[in-house]
Protein chains: 2
Amino acid sequence: MGKTEAKRRYDDACGTAHGLELIGERWALLVLRELMLGARRFSDLRADLPGISANVLTQRLTELEDRGLVRRKKLPPPASSNVYEATEWGLEAEPIVQVLGRWAARSPMHDPTMPISATSIMLSLKTMADEKRAKGFEARIGFRFGEERFVGRMRKGRFKVARAEPVDTDFTFTGTPPQLAAVIYGGAPLDSIGFDGDAGLARKFVTLFPLPPKASVAG
Amino acid sequence: MGKTEAKRRYDDACGTAHGLELIGERWALLVLRELMLGARRFSDLRADLPGISANVLTQRLTELEDRGLVRRKKLPPPASSNVYEATEWGLEAEPIVQVLGRWAARSPMHDPTMPISATSIMLSLKTMADEKRAKGFEARIGFRFGEERFVGRMRKGRFKVARAEPVDTDFTFTGTPPQLAAVIYGGAPLDSIGFDGDAGLARKFVTLFPLPPKASVAG
DNA sequence: CCGTATCCAATAAGATACTG
DNA sequence: CAGTATCTTATTGGATACGG
(Lines give C-alpha, C1' and ligand atoms only; values in the text may rest on other atoms or scores of the structure.)
Protein backbone atom coordinates (compact mmCIF):
# COMPACT_ATOMS: atom_id res chain seq x y z
CA MET A 1 0.00 0.00 0.00
CA GLY A 2 2.87 2.35 0.66
CA LYS A 3 4.14 1.42 -2.75
CA THR A 4 0.79 2.24 -4.30
CA GLU A 5 0.89 5.77 -3.14
CA ALA A 6 4.39 6.29 -4.41
CA LYS A 7 3.60 5.02 -7.87
CA ARG A 8 0.20 6.53 -8.49
CA ARG A 9 0.88 10.17 -7.80
CA TYR A 10 0.17 12.79 -10.39
CA ASP A 11 3.45 14.71 -9.93
CA ASP A 12 1.63 17.96 -10.30
CA ALA A 13 1.77 20.91 -7.97
CA CYS A 14 -1.79 21.89 -8.78
CA GLY A 15 -4.12 21.68 -5.82
CA THR A 16 -6.68 19.82 -7.87
CA ALA A 17 -4.20 17.05 -8.61
CA HIS A 18 -3.30 16.85 -4.94
CA GLY A 19 -6.97 16.70 -4.06
CA LEU A 20 -7.33 13.74 -6.36
CA GLU A 21 -4.44 12.04 -4.62
CA LEU A 22 -6.26 12.51 -1.33
CA ILE A 23 -9.80 11.54 -2.27
CA GLY A 24 -9.61 10.53 -5.93
CA GLU A 25 -9.58 6.78 -5.53
CA ARG A 26 -12.64 4.83 -6.38
CA TRP A 27 -15.22 5.02 -3.55
CA ALA A 28 -13.17 7.42 -1.43
CA LEU A 29 -15.40 10.46 -1.84
CA LEU A 30 -18.53 8.38 -1.39
CA VAL A 31 -17.22 6.95 1.85
CA LEU A 32 -16.47 10.45 3.05
CA ARG A 33 -19.92 11.58 1.98
CA GLU A 34 -21.54 8.92 4.13
CA LEU A 35 -19.73 10.36 7.14
CA MET A 36 -20.87 13.93 6.54
CA LEU A 37 -23.87 13.64 8.84
CA GLY A 38 -22.21 11.75 11.64
CA ALA A 39 -20.16 8.71 12.52
CA ARG A 40 -20.98 5.35 10.95
CA ARG A 41 -20.06 1.78 11.58
CA PHE A 42 -18.33 -0.45 9.09
CA SER A 43 -21.50 -2.35 8.36
CA ASP A 44 -23.50 0.85 7.97
CA LEU A 45 -21.09 1.95 5.30
CA ARG A 46 -21.31 -1.36 3.52
CA ALA A 47 -25.06 -1.14 3.52
CA ASP A 48 -25.08 2.48 2.34
CA LEU A 49 -22.62 1.91 -0.49
CA PRO A 50 -24.15 -0.84 -2.56
CA GLY A 51 -21.41 -2.74 -4.29
CA ILE A 52 -18.39 -1.85 -2.21
CA SER A 53 -16.58 -4.92 -1.01
CA ALA A 54 -15.31 -5.34 2.52
CA ASN A 55 -11.67 -5.31 1.57
CA VAL A 56 -11.96 -2.15 -0.51
CA LEU A 57 -13.89 -0.43 2.28
CA THR A 58 -11.20 -1.41 4.78
CA GLN A 59 -8.52 -0.03 2.50
CA ARG A 60 -10.30 3.25 1.81
CA LEU A 61 -10.97 3.81 5.51
CA THR A 62 -7.34 3.13 6.34
CA GLU A 63 -6.14 5.53 3.66
CA LEU A 64 -8.58 8.24 4.67
CA GLU A 65 -7.48 7.80 8.26
CA ASP A 66 -3.79 8.01 7.31
CA ARG A 67 -4.48 11.21 5.43
CA GLY A 68 -6.29 12.84 8.33
CA LEU A 69 -9.77 12.87 6.84
CA VAL A 70 -11.34 10.16 8.93
CA ARG A 71 -10.93 9.19 12.55
CA ARG A 72 -11.65 5.77 13.99
CA LYS A 73 -13.31 5.76 17.39
CA LYS A 74 -13.79 2.80 19.67
CA LEU A 75 -17.20 2.75 21.24
CA PRO A 76 -17.35 2.21 25.02
CA PRO A 77 -17.29 -1.43 26.28
CA PRO A 78 -20.89 -2.64 25.90
CA ALA A 79 -20.74 -2.02 22.13
CA SER A 80 -16.99 -2.60 21.80
CA SER A 81 -17.05 -1.87 18.11
CA ASN A 82 -15.65 0.96 16.07
CA VAL A 83 -17.21 3.87 14.37
CA TYR A 84 -15.65 6.06 11.71
CA GLU A 85 -16.14 9.76 11.71
CA ALA A 86 -14.94 12.55 9.48
CA THR A 87 -12.36 14.91 10.92
CA GLU A 88 -12.90 18.63 10.73
CA TRP A 89 -10.93 18.76 7.50
CA GLY A 90 -12.83 15.79 6.17
CA LEU A 91 -16.10 17.62 6.81
CA GLU A 92 -14.76 20.54 4.81
CA ALA A 93 -14.93 18.31 1.75
CA GLU A 94 -18.70 18.75 1.74
CA PRO A 95 -18.59 21.52 -0.90
CA ILE A 96 -16.80 19.10 -3.21
CA VAL A 97 -19.61 16.60 -2.83
CA GLN A 98 -22.16 19.33 -3.41
CA VAL A 99 -20.56 20.97 -6.41
CA LEU A 100 -19.96 17.62 -8.06
CA GLY A 101 -23.52 16.54 -7.38
CA ARG A 102 -25.05 19.75 -8.68
CA TRP A 103 -22.95 19.58 -11.82
CA ALA A 104 -23.79 15.95 -12.45
CA ALA A 105 -27.50 16.65 -12.03
CA ARG A 106 -27.31 18.20 -15.50
CA SER A 107 -26.28 14.88 -16.99
CA PRO A 108 -28.68 13.48 -19.56
CA MET A 109 -27.60 10.00 -18.49
CA HIS A 110 -28.51 10.40 -14.86
CA ASP A 111 -30.91 7.74 -13.66
CA PRO A 112 -32.55 8.87 -10.42
CA THR A 113 -34.44 5.63 -9.90
CA MET A 114 -31.58 3.83 -8.20
CA PRO A 115 -30.84 3.02 -4.58
CA ILE A 116 -29.80 6.00 -2.51
CA SER A 117 -28.67 6.20 1.08
CA ALA A 118 -30.30 8.29 3.75
CA THR A 119 -27.22 10.47 4.05
CA SER A 120 -27.16 11.00 0.28
CA ILE A 121 -30.71 12.16 -0.02
CA MET A 122 -30.34 14.46 2.98
CA LEU A 123 -27.19 16.03 1.55
CA SER A 124 -28.83 16.36 -1.82
CA LEU A 125 -31.54 18.51 -0.28
CA LYS A 126 -28.86 20.85 1.03
CA THR A 127 -27.33 20.91 -2.43
CA MET A 128 -30.42 21.39 -4.52
CA ALA A 129 -32.47 23.76 -2.38
CA ASP A 130 -33.32 26.69 -4.61
CA GLU A 131 -32.55 29.78 -2.61
CA LYS A 132 -34.96 32.03 -4.46
CA ARG A 133 -37.83 29.61 -4.48
CA ALA A 134 -37.34 28.78 -0.81
CA LYS A 135 -37.06 32.37 0.31
CA GLY A 136 -39.76 33.06 2.84
CA PHE A 137 -40.48 29.40 3.42
CA GLU A 138 -39.75 28.25 6.92
CA ALA A 139 -40.31 24.83 8.46
CA ARG A 140 -38.91 22.08 10.62
CA ILE A 141 -39.06 18.77 8.81
CA GLY A 142 -38.62 15.28 10.20
CA PHE A 143 -37.41 12.25 8.26
CA ARG A 144 -37.66 8.61 9.34
CA PHE A 145 -35.86 6.04 7.24
CA GLY A 146 -36.05 2.84 9.27
CA GLU A 147 -33.79 3.42 12.24
CA GLU A 148 -32.23 6.52 10.74
CA ARG A 149 -33.86 9.78 11.82
CA PHE A 150 -33.10 13.32 10.73
CA VAL A 151 -34.47 16.74 11.41
CA GLY A 152 -34.10 19.39 8.75
CA ARG A 153 -34.83 23.05 8.78
CA MET A 154 -35.58 25.21 5.79
CA ARG A 155 -34.92 28.84 6.53
CA LYS A 156 -33.77 31.88 4.58
CA GLY A 157 -33.57 29.81 1.47
CA ARG A 158 -31.18 27.30 3.01
CA PHE A 159 -31.73 23.74 4.11
CA LYS A 160 -29.85 22.41 7.12
CA VAL A 161 -30.08 18.93 8.50
CA ALA A 162 -28.71 16.77 11.30
CA ARG A 163 -29.40 13.38 12.80
CA ALA A 164 -32.04 13.79 15.46
CA GLU A 165 -35.34 12.34 16.54
CA PRO A 166 -38.22 14.17 14.83
CA VAL A 167 -40.05 16.08 17.53
CA ASP A 168 -41.88 19.39 17.22
CA THR A 169 -41.67 19.22 13.45
CA ASP A 170 -44.09 20.90 11.10
CA PHE A 171 -44.29 17.68 9.12
CA THR A 172 -42.47 14.36 8.97
CA PHE A 173 -41.81 11.88 6.21
CA THR A 174 -41.62 8.16 6.92
CA GLY A 175 -40.39 5.79 4.24
CA THR A 176 -37.28 4.95 2.28
CA PRO A 177 -34.74 7.31 0.75
CA PRO A 178 -35.73 6.34 -2.82
CA GLN A 179 -39.38 7.07 -2.02
CA LEU A 180 -38.45 10.53 -0.84
CA ALA A 181 -36.28 11.02 -3.92
CA ALA A 182 -39.25 10.10 -6.10
CA VAL A 183 -41.44 12.69 -4.37
CA ILE A 184 -38.88 15.48 -4.39
CA TYR A 185 -37.17 14.92 -7.71
CA GLY A 186 -39.48 12.62 -9.61
CA GLY A 187 -42.78 14.38 -9.11
CA ALA A 188 -44.34 11.40 -7.34
CA PRO A 189 -47.41 12.28 -5.27
CA LEU A 190 -46.98 13.18 -1.64
CA ASP A 191 -49.01 10.18 -0.52
CA SER A 192 -46.52 7.78 -2.11
CA ILE A 193 -44.49 8.22 1.06
CA GLY A 194 -45.60 8.05 4.65
CA PHE A 195 -46.37 11.50 5.86
CA ASP A 196 -47.89 13.37 8.75
CA GLY A 197 -48.19 16.98 9.72
CA ASP A 198 -49.04 20.11 7.81
CA ALA A 199 -49.83 18.92 4.29
CA GLY A 200 -49.96 22.40 2.81
CA LEU A 201 -46.47 23.21 3.96
CA ALA A 202 -45.21 19.83 2.82
CA ARG A 203 -46.73 20.21 -0.63
CA LYS A 204 -44.84 23.46 -0.99
CA PHE A 205 -41.64 22.01 0.48
CA VAL A 206 -41.31 19.30 -2.14
CA THR A 207 -41.24 21.92 -4.91
CA LEU A 208 -38.21 23.75 -3.55
CA PHE A 209 -35.62 21.44 -5.11
CA PRO A 210 -35.80 21.89 -8.88
CA LEU A 211 -33.43 19.92 -11.06
CA PRO A 212 -31.30 21.97 -13.44
CA PRO A 213 -31.89 21.70 -17.17
CA LYS A 214 -30.15 18.75 -18.79
CA ALA A 215 -27.01 19.45 -20.75
CA SER A 216 -27.28 18.74 -24.43
CA VAL A 217 -24.75 16.08 -25.28
CA ALA A 218 -24.20 17.75 -28.62
CA GLY A 219 -22.43 20.34 -26.44
CA MET B 1 -15.39 -0.20 -23.01
CA GLY B 2 -19.12 -0.53 -23.01
CA LYS B 3 -18.64 -3.41 -20.71
CA THR B 4 -16.39 -1.42 -18.46
CA GLU B 5 -19.00 1.19 -17.86
CA ALA B 6 -21.59 -1.39 -17.10
CA LYS B 7 -19.47 -3.09 -14.49
CA ARG B 8 -17.88 -0.16 -12.73
CA ARG B 9 -20.92 1.89 -11.92
CA TYR B 10 -21.73 2.87 -8.40
CA ASP B 11 -25.42 1.95 -8.60
CA ASP B 12 -26.30 5.00 -6.63
CA ALA B 13 -28.86 7.63 -7.53
CA CYS B 14 -26.86 10.31 -5.74
CA GLY B 15 -25.61 13.02 -8.06
CA THR B 16 -22.18 12.81 -6.54
CA ALA B 17 -21.89 9.16 -7.48
CA HIS B 18 -23.06 9.95 -10.98
CA GLY B 19 -20.51 12.74 -11.19
CA LEU B 20 -17.81 10.26 -10.30
CA GLU B 21 -19.00 7.98 -13.06
CA LEU B 22 -18.62 10.88 -15.48
CA ILE B 23 -15.28 12.34 -14.41
CA GLY B 24 -14.09 10.11 -11.59
CA GLU B 25 -11.62 7.97 -13.51
CA ARG B 26 -7.99 8.58 -13.00
CA TRP B 27 -6.79 11.62 -15.01
CA ALA B 28 -10.26 12.55 -16.28
CA LEU B 29 -10.70 15.73 -14.25
CA LEU B 30 -7.14 16.82 -14.96
CA VAL B 31 -7.66 16.39 -18.69
CA LEU B 32 -10.81 18.47 -18.44
CA ARG B 33 -8.95 21.08 -16.41
CA GLU B 34 -6.37 21.47 -19.16
CA LEU B 35 -9.18 22.34 -21.56
CA MET B 36 -10.71 25.01 -19.34
CA LEU B 37 -8.82 27.85 -21.01
CA GLY B 38 -9.17 26.72 -24.58
CA ALA B 39 -8.69 23.86 -27.01
CA ARG B 40 -5.53 21.74 -26.83
CA ARG B 41 -3.86 19.20 -29.04
CA PHE B 42 -3.09 15.66 -28.02
CA SER B 43 0.58 16.42 -27.59
CA ASP B 44 -0.15 19.55 -25.57
CA LEU B 45 -2.12 17.47 -23.16
CA ARG B 46 0.61 14.88 -22.88
CA ALA B 47 3.11 17.62 -22.15
CA ASP B 48 0.85 19.32 -19.60
CA LEU B 49 0.02 16.15 -17.74
CA PRO B 50 3.34 14.70 -16.74
CA GLY B 51 3.03 10.97 -16.42
CA ILE B 52 -0.11 10.28 -18.42
CA SER B 53 0.49 7.63 -21.05
CA ALA B 54 -0.73 7.93 -24.61
CA ASN B 55 -3.19 5.08 -24.39
CA VAL B 56 -4.77 6.36 -21.20
CA LEU B 57 -5.06 9.84 -22.68
CA THR B 58 -6.70 8.41 -25.78
CA GLN B 59 -9.15 6.49 -23.66
CA ARG B 60 -10.02 9.42 -21.38
CA LEU B 61 -10.58 11.72 -24.36
CA THR B 62 -12.82 9.16 -26.01
CA GLU B 63 -14.83 8.68 -22.84
CA LEU B 64 -15.15 12.41 -22.20
CA GLU B 65 -16.26 12.87 -25.79
CA ASP B 66 -18.84 10.07 -25.49
CA ARG B 67 -20.21 11.69 -22.37
CA GLY B 68 -20.56 15.10 -23.98
CA LEU B 69 -17.86 16.89 -22.00
CA VAL B 70 -15.28 17.20 -24.73
CA ARG B 71 -15.55 17.81 -28.45
CA ARG B 72 -12.95 16.80 -31.04
CA LYS B 73 -12.37 19.32 -33.78
CA LYS B 74 -10.40 18.75 -36.95
CA LEU B 75 -8.24 21.73 -37.82
CA PRO B 76 -8.43 23.02 -41.40
CA PRO B 77 -6.18 21.28 -44.02
CA PRO B 78 -2.76 22.88 -43.53
CA ALA B 79 -2.66 21.65 -39.92
CA SER B 80 -4.91 18.63 -40.52
CA SER B 81 -4.67 17.56 -36.91
CA ASN B 82 -7.22 17.46 -34.14
CA VAL B 83 -7.79 19.62 -31.17
CA TYR B 84 -9.93 18.82 -28.16
CA GLU B 85 -12.11 21.38 -26.55
CA ALA B 86 -14.45 21.33 -23.59
CA THR B 87 -18.16 21.57 -24.36
CA GLU B 88 -20.29 24.08 -22.54
CA TRP B 89 -21.20 21.49 -19.95
CA GLY B 90 -17.57 20.47 -19.66
CA LEU B 91 -16.65 24.06 -18.89
CA GLU B 92 -19.24 24.05 -16.14
CA ALA B 93 -17.04 21.58 -14.29
CA GLU B 94 -14.68 24.41 -13.43
CA PRO B 95 -16.18 24.91 -9.95
CA ILE B 96 -15.38 21.28 -9.21
CA VAL B 97 -11.75 21.87 -10.08
CA GLN B 98 -11.72 25.01 -7.98
CA VAL B 99 -13.43 23.63 -4.91
CA LEU B 100 -11.26 20.56 -4.94
CA GLY B 101 -8.12 22.63 -5.35
CA ARG B 102 -9.03 25.05 -2.58
CA TRP B 103 -9.85 22.21 -0.23
CA ALA B 104 -6.63 20.36 -1.02
CA ALA B 105 -4.57 23.48 -0.43
CA ARG B 106 -5.15 22.86 3.27
CA SER B 107 -3.33 19.55 3.03
CA PRO B 108 -0.23 19.30 5.20
CA MET B 109 1.21 16.92 2.60
CA HIS B 110 0.95 19.29 -0.32
CA ASP B 111 4.28 19.84 -2.05
CA PRO B 112 4.05 22.98 -4.20
CA THR B 113 7.55 22.56 -5.68
CA MET B 114 6.44 20.25 -8.46
CA PRO B 115 5.81 20.76 -12.16
CA ILE B 116 2.65 22.69 -12.95
CA SER B 117 1.08 23.51 -16.28
CA ALA B 118 0.31 26.98 -17.52
CA THR B 119 -3.41 26.28 -17.42
CA SER B 120 -3.14 25.00 -13.85
CA ILE B 121 -1.40 28.02 -12.48
CA MET B 122 -3.79 30.37 -14.27
CA LEU B 123 -6.80 28.54 -12.90
CA SER B 124 -5.26 28.48 -9.44
CA LEU B 125 -5.11 32.27 -9.47
CA LYS B 126 -8.86 32.34 -10.13
CA THR B 127 -9.35 29.89 -7.28
CA MET B 128 -7.12 31.45 -4.68
CA ALA B 129 -7.68 35.16 -5.23
CA ASP B 130 -8.70 36.59 -1.88
CA GLU B 131 -11.73 38.73 -2.52
CA LYS B 132 -11.24 40.94 0.50
CA ARG B 133 -7.55 41.47 0.00
CA ALA B 134 -7.98 42.17 -3.69
CA LYS B 135 -10.86 44.59 -3.25
CA GLY B 136 -9.89 47.90 -4.74
CA PHE B 137 -6.96 46.46 -6.65
CA GLU B 138 -7.33 46.71 -10.39
CA ALA B 139 -4.86 45.68 -13.08
CA ARG B 140 -4.36 43.97 -16.41
CA ILE B 141 -1.64 41.34 -16.13
CA GLY B 142 0.21 39.55 -18.92
CA PHE B 143 1.77 36.10 -18.65
CA ARG B 144 4.26 34.57 -21.08
CA PHE B 145 5.14 30.92 -20.60
CA GLY B 146 7.12 29.97 -23.69
CA GLU B 147 4.58 29.99 -26.49
CA GLU B 148 1.62 30.16 -24.15
CA ARG B 149 0.33 33.65 -23.48
CA PHE B 150 -2.44 34.81 -21.18
CA VAL B 151 -3.95 38.06 -20.12
CA GLY B 152 -5.55 38.28 -16.70
CA ARG B 153 -7.57 40.98 -15.08
CA MET B 154 -7.98 41.56 -11.39
CA ARG B 155 -11.05 43.58 -10.65
CA LYS B 156 -13.59 43.80 -7.84
CA GLY B 157 -11.75 41.10 -5.96
CA ARG B 158 -12.00 38.61 -8.81
CA PHE B 159 -9.35 37.33 -11.16
CA LYS B 160 -10.31 36.49 -14.74
CA VAL B 161 -8.01 35.13 -17.38
CA ALA B 162 -7.99 34.07 -21.02
CA ARG B 163 -5.45 33.13 -23.66
CA ALA B 164 -4.36 36.31 -25.39
CA GLU B 165 -1.23 38.17 -26.36
CA PRO B 166 -0.15 40.54 -23.56
CA VAL B 167 -0.66 44.04 -24.87
CA ASP B 168 -1.60 47.14 -22.88
CA THR B 169 -0.97 45.34 -19.62
CA ASP B 170 0.02 47.04 -16.39
CA PHE B 171 2.73 44.44 -15.94
CA THR B 172 3.75 41.15 -17.51
CA PHE B 173 5.49 38.06 -16.20
CA THR B 174 7.79 36.02 -18.42
CA GLY B 175 9.03 32.65 -17.22
CA THR B 176 7.78 29.19 -16.36
CA PRO B 177 4.65 28.20 -14.46
CA PRO B 178 6.66 26.83 -11.51
CA GLN B 179 8.57 30.11 -11.28
CA LEU B 180 5.33 32.03 -11.05
CA ALA B 181 4.02 29.56 -8.48
CA ALA B 182 7.14 30.13 -6.40
CA VAL B 183 6.58 33.89 -6.48
CA ILE B 184 2.86 33.80 -5.75
CA TYR B 185 2.64 30.90 -3.32
CA GLY B 186 6.21 30.36 -2.16
CA GLY B 187 7.23 33.89 -1.30
CA ALA B 188 10.06 33.90 -3.85
CA PRO B 189 11.25 37.42 -4.79
CA LEU B 190 9.67 39.15 -7.74
CA ASP B 191 12.96 39.21 -9.62
CA SER B 192 13.14 35.42 -9.65
CA ILE B 193 10.81 35.58 -12.64
CA GLY B 194 11.08 37.75 -15.73
CA PHE B 195 9.02 40.84 -15.23
CA ASP B 196 8.30 44.20 -16.78
CA GLY B 197 5.83 46.94 -16.09
CA ASP B 198 4.62 48.60 -12.91
CA ALA B 199 6.64 46.99 -10.13
CA GLY B 200 4.62 48.54 -7.35
CA LEU B 201 1.37 47.09 -8.65
CA ALA B 202 3.04 43.74 -9.26
CA ARG B 203 4.46 43.59 -5.75
CA LYS B 204 0.96 44.08 -4.42
CA PHE B 205 -0.55 41.63 -6.89
CA VAL B 206 1.55 38.69 -5.74
CA THR B 207 0.20 39.07 -2.19
CA LEU B 208 -3.43 38.62 -3.19
CA PHE B 209 -3.40 34.81 -3.21
CA PRO B 210 -2.89 33.65 0.37
CA LEU B 211 -2.81 29.93 1.09
CA PRO B 212 -5.30 28.72 3.69
CA PRO B 213 -4.03 27.40 7.02
CA LYS B 214 -2.93 23.78 6.93
CA ALA B 215 -5.28 21.23 8.40
CA SER B 216 -3.97 19.46 11.46
CA VAL B 217 -3.78 15.77 10.66
CA ALA B 218 -4.74 15.04 14.23
CA GLY B 219 -8.15 16.27 13.07
C1' DC C 1 -22.11 -8.99 14.60
C1' DC C 2 -17.52 -6.47 13.39
C1' DG C 3 -14.28 -6.35 10.88
C1' DT C 4 -9.68 -8.27 8.70
C1' DA C 5 -6.98 -11.45 5.69
C1' DT C 6 -6.41 -14.23 1.69
C1' DC C 7 -7.17 -15.90 -2.79
C1' DC C 8 -8.84 -15.37 -7.51
C1' DA C 9 -10.65 -13.48 -11.86
C1' DA C 10 -11.61 -9.30 -14.41
C1' DT C 11 -10.02 -4.60 -15.58
C1' DA C 12 -7.57 -0.51 -15.65
C1' DA C 13 -3.22 1.79 -15.74
C1' DG C 14 1.69 2.20 -17.14
C1' DA C 15 5.67 1.48 -20.35
C1' DT C 16 7.22 0.93 -24.67
C1' DA C 17 7.26 0.09 -29.40
C1' DC C 18 5.17 0.94 -33.64
C1' DT C 19 2.41 2.81 -37.75
C1' DG C 20 0.12 6.48 -40.90
C1' DC D 1 2.62 14.62 -34.50
C1' DA D 2 -1.23 11.68 -33.42
C1' DG D 3 -2.49 8.11 -32.01
C1' DT D 4 -2.61 2.19 -31.75
C1' DA D 5 -0.99 -2.17 -30.29
C1' DT D 6 1.03 -4.98 -27.09
C1' DC D 7 2.82 -6.46 -22.84
C1' DT D 8 3.35 -6.03 -17.77
C1' DT D 9 1.89 -4.52 -13.42
C1' DA D 10 -1.56 -2.72 -10.12
C1' DT D 11 -6.17 -2.23 -8.50
C1' DT D 12 -10.71 -3.76 -8.04
C1' DG D 13 -14.40 -6.64 -6.66
C1' DG D 14 -16.34 -11.02 -5.16
C1' DA D 15 -16.08 -15.04 -2.32
C1' DT D 16 -14.77 -17.03 1.55
C1' DA D 17 -12.47 -17.98 5.67
C1' DC D 18 -10.87 -16.41 9.95
C1' DG D 19 -10.25 -14.02 14.71
C1' DG D 20 -12.52 -10.75 18.39
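A, B, ... follow the sequence lines: proteins, then strands. Residue 1 opens every chain. Computed over heavy atoms, backbone and side chain alike; hydrogens, waters and symmetry mates excluded.
- Atom CD of Q59(A) and atom P of dT6(C) are 13 Å apart (whole Å).
- At the phosphate of dG3(D), OP1 or OP2 sits under 4.0 Å from a side-chain N or O atom of N82(B).
- Relative ring orientation between F143(B) and F145(B) is described as parallel, the plane-to-plane angle staying below 30° on a 0-90° scale split at 30° and 60°.
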Table please: side-chain donor-acceptor pairs of residues 45-55 of chain A below 3.5 Å, with sequence neighbours left out.
from	atom 1	to	atom 2	distance (Å)
D48(A)	OD2	R40(A)	NH2	2.9
S53(A)	OG	N55(A)	OD1	2.7

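- One atom, CG of L57(B), and another, P of dT16(C), lie 17 Å apart when rounded to the nearest Å.
- Picking from dT4(D), dT12(D), dG14(C) the nucleotide with the shortest atom distance to the side chain of R26(A) gives dT12(D).
- Residues Y10(B) and S43(B) both approach DNA chain D. Their nearest nucleotides, taken by heavy-atom distance, put S43(B) toward the 5′ side.
- Whole-Å rounding puts the W27(A) CH2 to dT11(C) P distance at 17 Å.
- Distance, L61(B) CG to dA2(D) P: 12 Å, rounded to whole Å.
- Taking the side chain of S81(B) as heavy atoms from C-beta on, and the options dT12(D), dG3(C), dA2(D), the nearest nucleotide is dA2(D).
- Residue pairs meeting the salt bridge (Lys or Arg N to Asp or Glu O under 4.0 Å) criterion with at least one partner in residues 167-187 of chain A, sequence neighbours excluded, do not occur; the list is empty.
- Ring orientation note: the planes of F195(B) and F173(B) are tilted relative to one another, at an angle of 30° to 60°.
- If you take CZ of R9(A) and C1' of dA13(C), they are 17 Å apart, rounded to a whole angstrom.
- Out of dG14(C), dG13(D), dG3(C), the shortest distance to the side chain of Y84(A) is found at dG3(C).
- Remark: P of dG3(C) and NZ of K73(A) are 14 Å apart, rounded to the nearest angstrom.
- Across the protein-nucleic acid pair, F42(A) atom CZ and dC2(C) atom P stand 10 Å apart, rounded to whole Å.
- Under the 4.0 Å criterion applied to side-chain N and carboxylate O atoms, R60(B) and E34(B) are not assigned as salt-bridge partners.
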With the criterion being N/O to N/O and under 3.5 Å, what pairs connect the protein with nucleotides 14-20 of chain D, and how long is each?
from	atom 1	to	atom 2	distance (Å)
dG14(D)	OP2	G51(A)	O	2.9
dG14(D)	O6	N55(A)	ND2	2.5

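- In the set dT4(C), dG3(D), dG13(D), the nucleotide with an atom closest to the side chain of V56(A) is dG13(D).
- Ring planes of F159(B) and F205(B): tilted class, angle from 30 to 60°.
- Comparing dG3(C), dA2(D), dT12(D) against the side chain of R41(B) picks out dA2(D) as the nearest.
- Taking atom CD on E25(A) and atom P on dA10(D), their separation rounds to 16 Å, with Å as the unit.
- Electrostatic pairing of R9(B) and D111(A) does not count as a salt bridge here, judged by no charged N lying under 4.0 Å from a carboxylate O.
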